[in-house]
Engineer: 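Shown below is the structure under consideration.
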Amino acid sequence: MPAGRPGPAAQSARRPPPPLPLLLLCVLGAPRAGSGAHTAVISPQDPTLLIGSSLQATCSVHGDPSGATAEGLYWTLNGRRLAPELSRVLNASTLALALANLNGSRQQSGDNLVCHARDGSILAGSCLYVGLPPEKPFNISCWSKNMKDLTCRWTPGAHGETFLHTNYSLKYKLRWYGQDNTCEEYHTVGPHSCHIPKDLALFTPYEIWVEATNRLGSARSDVLTLDILDVVTTDPPPDVHVSRVGGLEDQLSVRWVSPPALKDFLFQAKYQIRYRVEDSVDWKVVDDVSNQTSCRLAGLKPGTVYFVQVRCNPFGIYGSKKAGIWSEWSHPTAASTPRSERPGPGGGACEPRGGEPSSGPVRRELKQFLGWLKKHAYCSNLSFRLYDQWRAWMQKSHKTRNQDEGILPSGRRGTTRGPAR
């Protein structure tokens, strides 16, 4: 606690006899009785100082000086005996203490400065508060769960740590009328947050701010103005189901239900999906689901377990122009893709024969479409009708394809005659 840059006195203070047990709570009050009949007073009592300040304190004994004189007194700070060089005797009953360049308090309840008799008994104690005044809170953000409540959180001042107990109060009021209100449910979503559970007005802006106070001063944030309709979020989509798409080994179908809490309100919704393989922590996000409540994931690995989550962003509630706030992700739902029954690259079952063009114009378009589809995991049902046709055609046996295309042993394409006219 003494000087941040240790001088001789501070170094001496670090070489005391074995320290006394640390007092977890600051010793409050003025005179403390020791083991005998003598009492003492520390002055100043419970001082509050800025970091870097100096302290001049005295311990004055009241009673029979022959039993407890200033020469027999000593000081401890947070249970550690201070070096004798930091003290000096003023008279037969008073011992002075000088501390310079004080560091911040080790505990927000104050550091324990104690005056002891020669036998170690406590004569008097004082709380020493050393810290900084609060800085202006900033970065206030708020959201309303289904338009029923309001939760806000903020960031303390730039340095944050004041070394003193600092009280934060969230205040709010209707913008054009009404009185100041104080939020009462703190620490709901973190150390600097508060929850307003009810009695909120719609279609009227609120002004919201945070006030910070401690022993050394106070600070107030800028005022945030918001409409409840502009900061609505909701619960994650319920009943998320993930299933296979027939025998297609690289697809899964995802379905869910729109937020039931908002069913009676006029709003739009957009959704996001994210998925990962079982043994990975990396999620892939599908952004272009729009307002559908189903999606088909493509380009997946055959025979693989996937975990899928969905979240919702309700926006445009009663005509609000704001972007909306995403809900939490739903609980993960798992499903596996079918195992591939096609031979690997060594089998060559899907390779064209020598002399045959790799694909016609239609097949080239389908391959381009498939590559784009796999890359973006697009969730359009209309596009998947064409994709399903392509996949069914690809899964035919090599022999059946050759017969359908009429390929001759020489590599020339045969001619199929139509019915006589």
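Index from 1, following the sequence.
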Engineer: Under the 3.5 angstrom rule, does the side chain of Thr337 hit a backbone N or O of Gly303 as a donor-acceptor pair?
Structural biologist: yes
Engineer: Quick check: are the SG atoms of Cys183 and Cys194 less than 2.5 Å apart?
Structural biologist: yes
Engineer: Side chain to side chain contact (heavy atoms under 4.5 Å, CB included), that's the test. Do Ser109 and His165 meet it? Break it down for me.
Structural biologist: CA-CA 7 Å; Ser109 59; His165 174 70; over 6 Å; no
Engineer: Would you indicate whether Glu185, at its atom CD, is surrounded by more than 12 heavy atoms from other residues, nucleotides or ligands within a distance under 6.0 Å?
Structural biologist: yes
Engineer: Please check if the side chain of Thr304 supplies one atom and the backbone of Pro302 the other of a donor-acceptor pair under 3.5 Å.
Structural biologist: yes
Engineer: How about Arg244: does its CZ atom have over 12 heavy atoms from other parts shown lying under 6.0 Å from it?
Structural biologist: yes
Engineer: Output every pair passing disulfide (SG to SG under 2.5 Å) with a member in residues 224-259, not counting sequence neighbours, ordered by first then second residue.
Structural biologist: none
Engineer: Looking only at non-hydrogen atoms, find the nearest pair between Ser221 and Pro137 and report the distance.
Structural biologist: CB-O, 3.1 Å
Engineer: Checking Ser93 against Asn91: is there a side-chain donor and acceptor pair closer than 3.5 Å?
Structural biologist: yes
Engineer: State which residue, out of Val257, Val254, Ile273, fulfils the side chain to side chain contact (heavy atoms under 4.5 Å, CB included) condition with Val240.
Structural biologist: Val254
Engineer: Do the non-hydrogen side-chain atoms of Thr162 and Leu216 ever get within less than 4.5 Å of each other?
Structural biologist: no
Engineer: Any side-chain heavy atom of Leu49 sitting closer than 4.5 Å to one from Leu128?
Structural biologist: yes
Engineer: Mind checking the CG-OG spacing from Leu132 to Ser105? Nearest 0.5 Å is all I need.
Structural biologist: 10.0 Å
Engineer: Do Arg311 and Trp256 have side chains that get closer than 4.5 Å, going by heavy atoms?
Structural biologist: no
Engineer: Before you tell me yes or no, could you show the steps for Val289 and Lys270 under side chain to side chain contact (heavy atoms under 4.5 Å, CB included), namely the whole-Å CA-CA distance, both residues' side-chain angles and the distance that decides it to 0.1 Å?
Structural biologist: CA-CA 7 Å; Val289 185; Lys270 54 184 177 182; over 6 Å; no
Engineer: In a check of side chain to side chain contact (heavy atoms under 4.5 Å, CB included) between Asn214 and each of Thr48, Leu164, Asn167, which one passes?
Structural biologist: Leu164
Engineer: Decide yes or no on side chain to side chain contact (heavy atoms under 4.5 Å, CB included) for Leu297 and Tyr306, but give the supporting numbers first.
Structural biologist: CA-CA 11 Å; Leu297 304 177; Tyr306 283 87; over 6 Å; no
Engineer: Is there a donor-acceptor pair under 3.5 Å between the side chain of Ser144 and the backbone N or O of Asp149?
Structural biologist: yes
Engineer: Output yes when a side-chain donor or acceptor of Asp250 lies under 3.5 Å from a complementary backbone atom of Lys301, and no otherwise.
Structural biologist: no
Engineer: Report the distance from atom NZ of Lys173 to atom CD of Glu207, rounding to the nearest 0.5 Å.
Structural biologist: 5.5 Å
Engineer: So do the side chains of Pro156 and Thr166 get within less than 4.5 Å of each other, counting heavy atoms only?
Structural biologist: no
Engineer: Using the rule side chain to side chain contact (heavy atoms under 4.5 Å, CB included), only one of Asp227, Asn181, Leu200, Leu150 pairs with Tyr206; which is it?
Structural biologist: Leu200
Engineer: Answer yes or no: are there more than 12 heavy-atom neighbours, outside Arg276 itself, under 6.0 Å from its atom CZ?
Structural biologist: yes
Engineer: Quick one: pull up CD1 in Ile208 and OG1 in Thr225 and give me the separation to the nearest 0.5 Å.
Structural biologist: 8.5 Å
Engineer: Using a 4.5 Å cut-off on heavy atoms from C-beta on, say whether the side chain of Pro238 contacts that of Pro260.
Structural biologist: yes
Engineer: So, does Ser320 use its side chain to make a donor-acceptor pair with the main chain of Ile317 at under 3.5 Å?
Structural biologist: no
Engineer: Rounded to the nearest 0.5 Å, what separation is found between the OG1 atom of Thr76 and the CG atom of Asn112?
Structural biologist: 8.0 Å
Engineer: Where do Leu229 and Met147 come nearest, in terms of heavy atoms and distance?
Structural biologist: CD2-SD, 3.4 Å
Engineer: Are there over 12 heavy-atom neighbours, none belonging to Tyr177, within less than 6.0 Å of that residue's OH?
Structural biologist: no
Engineer: Distance check, rounded to the nearest 0.5 Å: Leu90 atom CG versus Ser60 atom OG?
Structural biologist: 8.0 Å
Engineer: Less than 4.0 angstrom from a charged side-chain N to a carboxylate O is my criterion; do Asp235 and Lys145 meet it?
Structural biologist: yes
Engineer: Indicate the atoms forming the closest heavy-atom contact of Gln56 with Pro44, along with that distance.
Structural biologist: O-CD, 3.5 Å
Engineer: Quick check against the 3.5 Å criterion: does Glu249 have a side-chain atom that pairs as donor or acceptor with the backbone of Pro338?
Structural biologist: no
Engineer: Going through the distances and angles, do Ser327 and Thr233 end up as a side chain to side chain donor-acceptor pair (under 3.5 Å)?
Structural biologist: CA-CA 6 Å; Ser327 72; Thr233 186; 5.4 Å; no
Engineer: Can you tell me how the ring of His192 sits relative to the ring of Trp154, calling it parallel under 30°, perpendicular over 60° and tilted otherwise?
Structural biologist: tilted
Engineer: Sub-3.5 Å donor-acceptor pair from the side chain of Ser330 to the main-chain atoms of Pro237, do we have one?
Structural biologist: no
Engineer: Does Ser126 reach the main-chain N or O of Asp46 with its side chain, forming a donor-acceptor pair under 3.5 Å?
Structural biologist: yes
Engineer: Write down the atom of Glu161, the atom of Gln108, and the distance for their closest heavy-atom approach.
Structural biologist: OE2-NE2, 4.3 Å
Engineer: Show the nearest heavy-atom pair for residues Trp75 and Ala96, with the distance to one decimal.
Structural biologist: NE1-O, 3.8 Å
Engineer: Looking at every heavy atom in both Ile228 and Ala201, which two are closest together, and how far apart are they?
Structural biologist: CG1-O, 3.6 Å
Engineer: Evaluate the side-chain proximity of Asp111 to Val130: yes if any heavy-atom separation is below 4.5 Å, no if none is.
Structural biologist: no
Engineer: With a 4.5 Å limit on heavy-atom distance, are the side chains of Tyr172 and Ile196 in contact?
Structural biologist: yes
Engineer: Going by heavy atoms in the side chains, are Leu170 and Tyr186 under 4.5 Å from each other?
Structural biologist: yes
Engineer: Quick one, Ile122 with His116, criterion side chain to side chain contact (heavy atoms under 4.5 Å, CB included). Give me CA distance, side-chain angles, the key distance, then yes/no.
Structural biologist: CA-CA 5 Å; Ile122 296 175; His116 296 264; 3.7 Å; yes
Engineer: Measure the spacing between CG of Leu73 and SG of Cys115 and express it to the nearest 0.5 Å.
Structural biologist: 4.5 Å
